[in-house]
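Down below is the structure, laid out as C-alpha cells.
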Amino acid sequence: MHKLVKNNVSWVGYVDWEMKRFHGDDFSVNHGSTQNAYLIKEEKTVLIDTAWKPHSHEFVENLKKEVDLKSIDYIIMNHGEVDHSGSLPELMAEIPNTPIYCSQNAVKSLIGQFHHPEWDFHAVKTGDELDIGNGKKLIFVSMPMLHWPDSMATYMTGDNILFSNDAFGQHYAQAELFNDLADKEVLWREALKYYANILAPFLPMLKKKIEEIRSLNLPIDIIAPSHGVIWRENPMQIVDKYYEWADNYSENQITVVYDSMWDGTATIAHRIAEELKAASPDTVVKVMKISSAEKDDIMTEVFRSKAIAVGSPTIVNGIMASVSGWLAYLKELKFKNKKAAVFGCYGWSGEGNAILRESLDSMGYEVVEPEIKSYFNPTEEVLSTAKALAEALA
Ligand code: FEO
C-alpha cells in the first residue's frame, strides 16, 4: 500500500477489499472500500480519523509501526460515525489523555456511541485553528448534515490538504491511493453512487457549503476523503462535479423500475422501454427489476434520469412489499425535478397504480398520463398504451 500523501502526511487507514455491504446490510458495495485515516508529523503529531471497529486491532497495530502512540499530540475526529470512529476505544485505551478535536455534535455522538465522557474532548467550529508547528496549522470547517450533524472537514495550511471526511468519497478499494492512478470508470461510477445514495438528501446544504468553501479561496492541492481514492490530480474536479450534481441534475436517461409476481408487469416494463427508445432514440433507457438489482444501484440510475416509470402489480389491495420498500427509500433521497409514470397488473380490486401515483406525487415527481393498468396479463391493446406513456415521459 502506498502511504505517503504529501511531505509529512501519510495514509494510515484500512483497505476493506472484502466489503460487500455497508450500513449494516443496507448499502451494497461493488468494489470494496477503504476507511482512510491520516497521520501528520510536523512539530506536533496529529491523527485524523480512525477505522471501523472490526479493524480496530489491526488499525492500532499498524499505527504503532508508524508512530509511538504516546507521541500523538492531537486526534481529529471529523465525524462520529463508527466507520471512522470505531477504533477510538482501542486507541484511547493506550493513550487515554490525548485530546480529541471534533465538532460539538461529535462530542455528543462519540459519547453516545462509546460512553467515555472522560475523554479530553475539544469542540471546534468553522474558523477555529490548531497550530501544528513548522508554520502549518489546521483549520476546521463545520459541515453539518454532510452527512451527519457532527460532520466537519479539516484544512491543513502549507500542504493545502482538505481532509473532507465522507464528502467527496467513494466506496472503492484501491492500493494506489490516488485518483490519477484509479480506474476512472469505476471511480466516477462509485463517486456518483455514493453521492446519490448518501449525500443527495442534503443537496441544499451541500450547495451552500461548496459556495462557502469556494469563497474562502483556499489553495487546495489535495482533497483527502475518508473513503476511496485521494484527489490529487485536479482535486477541484470532484468539488465542481458535486456542485453540478447538486443543481437538479439529470442526464438524457429514463429508467423503468418495477417488480413483478407472474411477469405481467414485467411484460409492460419491457414494452415501455421499447417505446421509449422508439420515441427518443438518443435517450439512454434502462430497465431495473427491484428484486433483482441492488436498490442503491437502482437509485444511482434514477438520480441520473430525467424521468422514471414505476410498476408494481396490485397485491391484496396494496403493492408488492419490495416496491413499497423501494419507494420508502426513494422518498428518503429527495430527488427533484423528475417526471414519472406508473403501470401494473391486477386481478382483483386494482389499487396498485393509484398507490404508486400518490406516492410519487407526494415526493414531488410530476406524474404523467396515461398510466398502464392491465387485468391479469396485458393484451396487445393494453400494451399499445405504452407508446403514449413513453411520449409523455420522453
Ligand atoms: Fe463514512 Fe458517515 O461515515
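When a ligand or atom number is given, it counts from 1 through the structure's own listing order. Treat the numbers as computed from the prediction; the structure is a model and nothing was measured.
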With a cut-off of 2.8 Å, does H147 put an N/O/S atom close enough to atom 2 (Fe) of ligand 1?
yes

As a test of reading the structure, name the N/O/S atom of D166 that is nearest atom 1 (Fe) of ligand 1.
OD1

Among the N, O or S atoms that D83 has, which is closest to atom 1 (Fe) of ligand 1?
OD2

Should the pair [X] and [Y] be classed as cation-pi, given the thresholds of under 6.0 Å to the six-membered ring centre and 45° from the axis?
X	Y	result
K373	Y346	yes
R214	Y243	yes
K336	Y249	no

Answer yes or no for H79: is there an N/O/S atom below the 2.8 Å cut-off from atom 1 (Fe) of ligand 1?
no

Contact between I76 and L47 at the side-chain level, heavy atoms closer than 4.5 Å - yes or no?
no

With atom 2 (Fe) of ligand 1 as the reference point, give the N/O/S atom of E81 that is nearest.
OE1

Are R21 and D26 ion-paired here, with the side-chain N under 4.0 Å from a carboxylate O?
no

